[in-house]
Amino acid sequence: PVLLTENLVPAVKIPFPFSVKGKFNSLSHALAVELFLPQMFYNGITTDTLNLTVNSDIEKLNYSVELSAISNNMLMLRNVLLNGALQNNNLNFSLTAAKDKNIKILEIEGRLKMENQNFELKFNPKVNLNTTEWSVDTANLIRFGKDGFIAHQLIISNNTQFISIHSHEKSKNAPFEIKLANFDLATISKIVEKRDGLVKGDLNGYLIVKNQNSIPGITSEIELSNFFFNKVELGSIFLHADNNEKPDKYNVALNIFGNGNNVGINGYYITAPAINKLDFIVDFKNINITSVEPYTFGKVTDMTGVASG
């Protein structure tokens with residue numbers, strides 16, 4: 001098997017032998033498959049102790065994928081379990097992750113329906129994010145496939161925090177909008193970070209996407225308040241981006257204020273292959289050098305001082 005992966009997918013590295021077992025009964029239509037993979041590396045991503053189990057009969061197919069961990073140099077998701085069943089073109093799924101066997105930090109359940117090259121995704125009314133229960137609007141539904149993309153009432157909320165995805169109309173490929181209110185980035189960071197304090201900050205804003213059949217048209221206003229990275233505060237970030245002027249010209253205005261920082265970046269990026277142009281004006285009114293140190297990822301330490309220009 002190792003020789004097979006080296007030839008078919010050379011980027012995948014499997015340092016230890018793995019096993020695959022299976023059997024099929026043609027009379028009862030019973031299928032059973034088991035895969036055990038101790039460790040795998042792919043483009044900086046490591047998976048540890050993967051167990052895949054599939055069994056089926058004439059009515060349905062059951063599946064289970066277990067991982068002790070999946071990680072890269074900064075992120076790690078532990079004790080991952082994805083399982084469910086496929087029956088009558090409906091795929092039920094449950095995804096969980098846990099710090100240990102008793103403390104679940106992620107629980108998401110739902111159903112994916114497949115019909116005529118289209119898919120319908122619906123989530124169950126409760127999810128667990130970082131040991132906290134969030135509510136999901138019971139009318140939530142996402143349709144995608146050959147007939148385009150439509151999102152309806154996908155609203156995930158906890159008190160004043162929420163994330164929503166909703167199409168402006170029910171027509172095929174209508175503009176859709178992603179909204180965030182008071183969303184604490186630490187909610188997600190604490191699920192996947194290797195070390196405490198990777199990121200935190202309150203995220204507010206929206207992203208509107210339209211013209212999906214050609215070049216996506218976007219309009220976005222984002223405010224990230226009191227942003228910390230690796231336990232060091234950068235400040236508050238304000239971002240406006242759009243390509244309303246021309247589909248391949250993205251206008252950007254980015255401002256950073258707070259913790260001794262005052263930086264403005266304004267300009268545009270043209271994505272057309274014949275041009276591929278960047279044109280930005282960067283105004284460094286003030287930079288707290290200490291707040292820049294985490295972005296060197298350990299290559300530079302004990303940075304202090306102020307810069308401007």
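For reference, positions follow the sequence shown, starting with 1.
The NZ atom of Lys210 sits 5.0 Å away from the CG atom of Asn244 when rounded to the nearest 0.5 Å. Rounded to the nearest 0.5 angstrom, Lys122 NZ and Arg143 CZ are separated by 10.0 Å. With rounding to the nearest 0.5 Å, the separation of CG in Asn25 from CG in Asp57 is 11.5 Å. Rounding to the nearest 0.5 Å gives a distance of 8.5 Å between CG of Leu207 and CD of Glu177. Atom CE of Met114 and atom CG of Leu121 lie 11.0 Å apart (nearest 0.5 Å). Rounding to the nearest 0.5 angstrom, the gap separating the CD atom in Gln39 from the CG atom in Leu50 is 11.5 Å.
The side-chain heavy atoms of Ile70 and Thr46, taken from C-beta on, include no pair separated by under 4.5 Å. Residues Asn72 and Met74 form a side-chain contact, since some pair of their non-hydrogen atoms from C-beta on lies under 4.5 Å apart. Within the 4.5 Å cutoff, side-chain heavy atoms of Asp184 are placed close to those of Lys200. Using a 4.5 Å heavy-atom threshold, the side chains of Ile188 and Phe183 count as touching. Counting heavy atoms from C-beta on, the side chains of Thr304 and Asp302 never come closer than 4.5 Å. The shortest side-chain heavy-atom distance between Val33 and Asn55 does not fall under the 4.5 Å cut-off. Within the 4.5 Å cutoff, the side chain of Thr187 has no heavy atoms near those of the Thr132 side chain. Leu75 has its side chain out of reach of Lys194: every pair of non-hydrogen atoms, C-beta onward, lies at least 4.5 Å apart.
The two atoms that bring Glu169 and Ala174 nearest to each other are O-CB, 3.6 Å, heavy atoms only. Closest of all the heavy-atom pairs between Ala186 and Asn130 is O-ND2, 4.4 Å. The heavy-atom pair separating Asn243 from Pro216 by the smallest distance is ND2-O, 2.9 Å. Between Ser225 and Ser236, the shortest heavy-atom distance links the atoms CA-OG, 3.5 Å. A pairwise comparison of heavy atoms in Asn79 and Ala98 identifies ND2-O, 2.9 Å as the closest pair. Contact detail for His29 and Ile58: the closest heavy-atom pair is CD2-CD1, 3.8 Å.
No more than 12 heavy atoms of other residues, nucleotides or ligands shown are found within 6.0 angstrom of CD1 on Ile281. Other residues, nucleotides and ligands contribute over 12 non-hydrogen atoms within 6.0 Å of the CZ atom of Phe24. The 12-atom threshold is not exceeded at NZ of Lys170, counting heavy atoms of other residues, nucleotides or ligands nearer than 6.0 Å.
Note on Ile191: it does not cluster hydrophobically with Phe228, by side-chain heavy-atom contacts below 4.5 Å among ILVMFWY residues. A chain of hydrophobic side-chain contacts below 4.5 Å, direct or via other Ile, Leu, Val, Met, Phe, Trp or Tyr residues, connects Ile178 to Trp134. When hydrophobic clusters are built by joining Ile, Leu, Val, Met, Phe, Trp and Tyr residues whose side-chain heavy atoms come closer than 4.5 Å, directly or via intermediates, Leu234 is grouped together with Leu239. There is a path of hydrophobic side-chain contacts, each under 4.5 Å, that joins Leu254 to Leu180.
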Where do Asp202 and Asn182 land on the side chain to side chain donor-acceptor pair (under 3.5 Å) test, with the steps shown first?
-> CA-CA 5 Å; Asp202 295 327; Asn182 305 313; over 6 Å; no
Side chain to side chain contact (heavy atoms under 4.5 Å, CB included) between Leu154 and Phe123: does it pass, once the steps are laid out?
-> CA-CA 8 Å; Leu154 179 54; Phe123 294 99; 3.8 Å; yes
Walk me through it: do Asn128 and Glu107 pass the test side chain to side chain donor-acceptor pair (under 3.5 Å)?
-> CA-CA 5 Å; Asn128 170 12; Glu107 294 179 88; 3.0 Å; yes
Start with the C-alpha gap between Ser291 and Asn261, add the side-chain angles, then the distance that decides, and say whether side chain to side chain donor-acceptor pair (under 3.5 Å) holds.
-> CA-CA 8 Å; Ser291 66; Asn261 292 304; 3.0 Å; yes
Applying side chain to side chain contact (heavy atoms under 4.5 Å, CB included), run through Gln153 and Leu141 and close with a yes or a no.
-> CA-CA 7 Å; Gln153 290 296 108; Leu141 190 68; over 6 Å; no
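For the pair Lys179 and Tyr206, the NZ or CZ position fails the cation-pi test of under 6.0 Å to the six-membered ring centre and within 45 degrees of the ring normal. Judged by a 6.0 Å distance limit and a 45° cone about the ring axis, Lys13 is not positioned over the six-membered ring of Phe41.
For Tyr250 and Tyr269, the distance between ring centers is not under 6.0 angstrom. Ring centroids of Phe229 and Tyr295 are separated by less than 6.0 Å, placing the two rings close together. Checked against the 6.0 Å centroid threshold, Phe149 and Phe176 count as a close aromatic pair.
Side chains of Ser308 and Lys285: a donor-acceptor N/O pair is absent below 3.5 angstrom, by distance only. Inspection of the Glu109 and Asn124 side chains reveals an N or O donor paired with an N or O acceptor under 3.5 Å. No side-chain donor from either of Tyr268 and Asn251 sits under 3.5 Å from a side-chain acceptor of the other.
Judged by distance alone, with hydrogens and angles left aside, the side-chain atoms of Asp137 form a donor-acceptor pair with the main-chain N or O of Ala139 at under 3.5 Å.
For the side chain to side chain contact (heavy atoms under 4.5 Å, CB included) with Val127, the qualifying choice from Leu106, Leu95, Val136 is Val136, the only one to do so.
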